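So the structure is just underneath, and the comments pick up after that.
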Protein chains: 2
Amino acid sequence: MEVQVAISKTKKYATSSSGDTAEVIERPNGGVSVVLADGQSSGKGAKWVSSLVVRKVIQFLADGVRDGAAARAASDALFTERGGRVSATLNILSADLQTGTLVITRNNPAPVVISYNGKIKLLEEGSCAVGLRRDTRPLISEIPLDPGLTVVICTDGLLHAGSFYGDSMDISTCVQAELEGEDPSPERIADSLMNHALKLDQGRPNDDISIVVLRVVSRSGDLIRRMSVRLPVNPIGK
Amino acid sequence: MEVQVAISKTKKYATSSSGDTAEVIERPNGGVSVVLADGQSSGKGAKWVSSLVVRKVIQFLADGVRDGAAARAASDALFTERGGRVSATLNILSADLQTGTLVITRNNPAPVVISYNGKIKLLEEGSCAVGLRRDTRPLISEIPLDPGLTVVICTDGLLHAGSFYGDSMDISTCVQAELEGEDPSPERIADSLMNHALKLDQGRPNDDISIVVLRVVSRSGDLIRRMSVRLPVNPIGK
């Protein structure tokens, strides 16, 4: 079987940089983790916050710390650094090959979409952003890493796409529609969500948008690990 | 324009884990860095070493430390940790949007292949692996981040593919052949190198093999950053 991950990110229209940070890191005992944070507000200040949080989390994960403890430690670090004045949402999505499970860690009110056996389920129990209080705890869900599983996490820019124009984004329906196609790749699902959101925001994203799609497929091909990055460079930004 | 990166990794035949570690991290002042290390020997011990080195480097890079200083610090950290008894090769490939350059950092005797304007150039001046001595310095090359640039870095598993059977791998020729095709993606170049190496090793890699291909293309599409991961999971390894 194969774990497939696609990450798609864009920034709020006319801002210098995205306030979202997403990184992928190999787990020391096997597997990968995706860490996604959205810093409060937008632009450079938000970027500073989200990259601090993600950096802390990946350092802990690389040391073998469990996801929940890493999220709590990152929250405490941000609280200590900024005195509770600044928050960030945080998600960790880990394909843990040691336990054979997918571990979903949430410090983000935005729901997580899970599809398995053709059924869509939302994890939407309220969870708090990190950095505002001491001892902020994440919500953790653990599910078997089985072929057919699809999980989507995002920042609130996706959730609220179109709201400026009185439109609203229905992530579940969009994911369901893609999954009804022929074994869509995670890239295809992420692109479809992003395109839909950009349309609702009339081509000018009203907030930073980040989307992570993870799929487990039964494909038994070669044993080669692959990673790809596409980084558009705005010549003006140089 | 767009910076495109493909990473392809496989492990030595019949070992528990690859001794190579490759990670991608966003640079705090814009751009991305790919960090690749190959720990001495193979299997779990080598993995421990390479992941220590990569972890240190990405922590420094995330803090805004320059690539050369990050490589030196990682070398000192490994030297301190293991008393100079263990080494690792290290490469850092950074698309630095602040300076508009590609920064190539080498603590690896394996050459770096650079193609620009249809000409292939090798960076093959000898450079030392990290961890064996205090104050090991990397070789650093900096070139403009211009469309048409292709850079390939690898671990010695690629370089020595086939040597067990008296064959030898010619990386430059293989890259040149691909580049003569129609605007090949970095994934295509990486796959071609990997397939050629696996063929020379008769399907049973004699060492861990990791390949990183970076291309700069003039494509002006959307402003969406994308990342993809493919992680084959061996059911036995669970």
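If you're wondering where the values come from, they're calculated on a predicted model, not measured in any experiment. Chain A is the first sequence line, chain B the second, and so forth, proteins listed ahead of strands; every chain is numbered from 1.
- In this structure, A:Ser8 and B:Arg225 have side chains that are not in contact, with every pair of non-hydrogen atoms separated by 4.5 Å or more.
- When atom types are taken as modelled, the side chain of B:Glu23 and the backbone of A:Glu26 share a donor-acceptor pair closer than 3.5 angstrom.
- Distance CG/A:Leu214 to CG/B:Leu231: 9.5 Å, rounded to 0.5 Å.
- Between atom CZ of residue B:Arg55 and atom CD1 of residue A:Ile25 there is a gap of 8.5 Å, rounded to the nearest 0.5 Å.
- For A:Leu198, the part lying under 4.5 angstrom from a heavy atom of chain B is the side chain only.
- Around CZ of A:Arg66, the count of heavy atoms belonging to other residues, nucleotides or ligands within 6.0 Å does not exceed 12.
- In terms of heavy-atom pairs under 4.5 Å with chain B, the best-connected choice from A:Glu2, A:Lys9, A:Arg230 is A:Arg230.
- Taking A:Ser51, A:Ala6, A:Ala62 one by one and counting their heavy-atom pairs under 4.5 Å with chain B, the maximum is reached by A:Ala62.
- Among the candidates B:Ile209, B:Val34, B:Asp191, the residue making the largest number of heavy-atom pairs closer than 4.5 Å to chain A is B:Asp191.
- Counting heavy-atom pairs closer than 4.5 Å to chain B, the top residue among A:Arg219, A:Glu187, A:Lys11 is A:Glu187.
- Residue contact with chain B, scored on non-hydrogen atoms closer than 4.5 Å, involves the side chain of A:Ile58 exclusively.
- When heavy atoms are compared at a cutoff of 4.5 Å, A:Lys47 approaches chain B solely by way of its side chain, counted from C-beta outward.
- Using a 4.5 Å cut-off between heavy atoms, A:Asp222 touches chain B through its backbone atoms (N, CA, C, O) alone.
- The residue among B:Ile211, B:Val24, B:Val217 with the most heavy atom pairs within less than 4.5 Å of chain A is B:Val24.
- Contacts of A:Arg226 with chain B are made by both backbone and side-chain atoms, with heavy-atom separations under 4.5 Å.
- No other option in A:Lys44, A:Arg215, A:Gln59, A:Met194 has as many heavy-atom pairs under 4.5 Å with chain B as A:Gln59.
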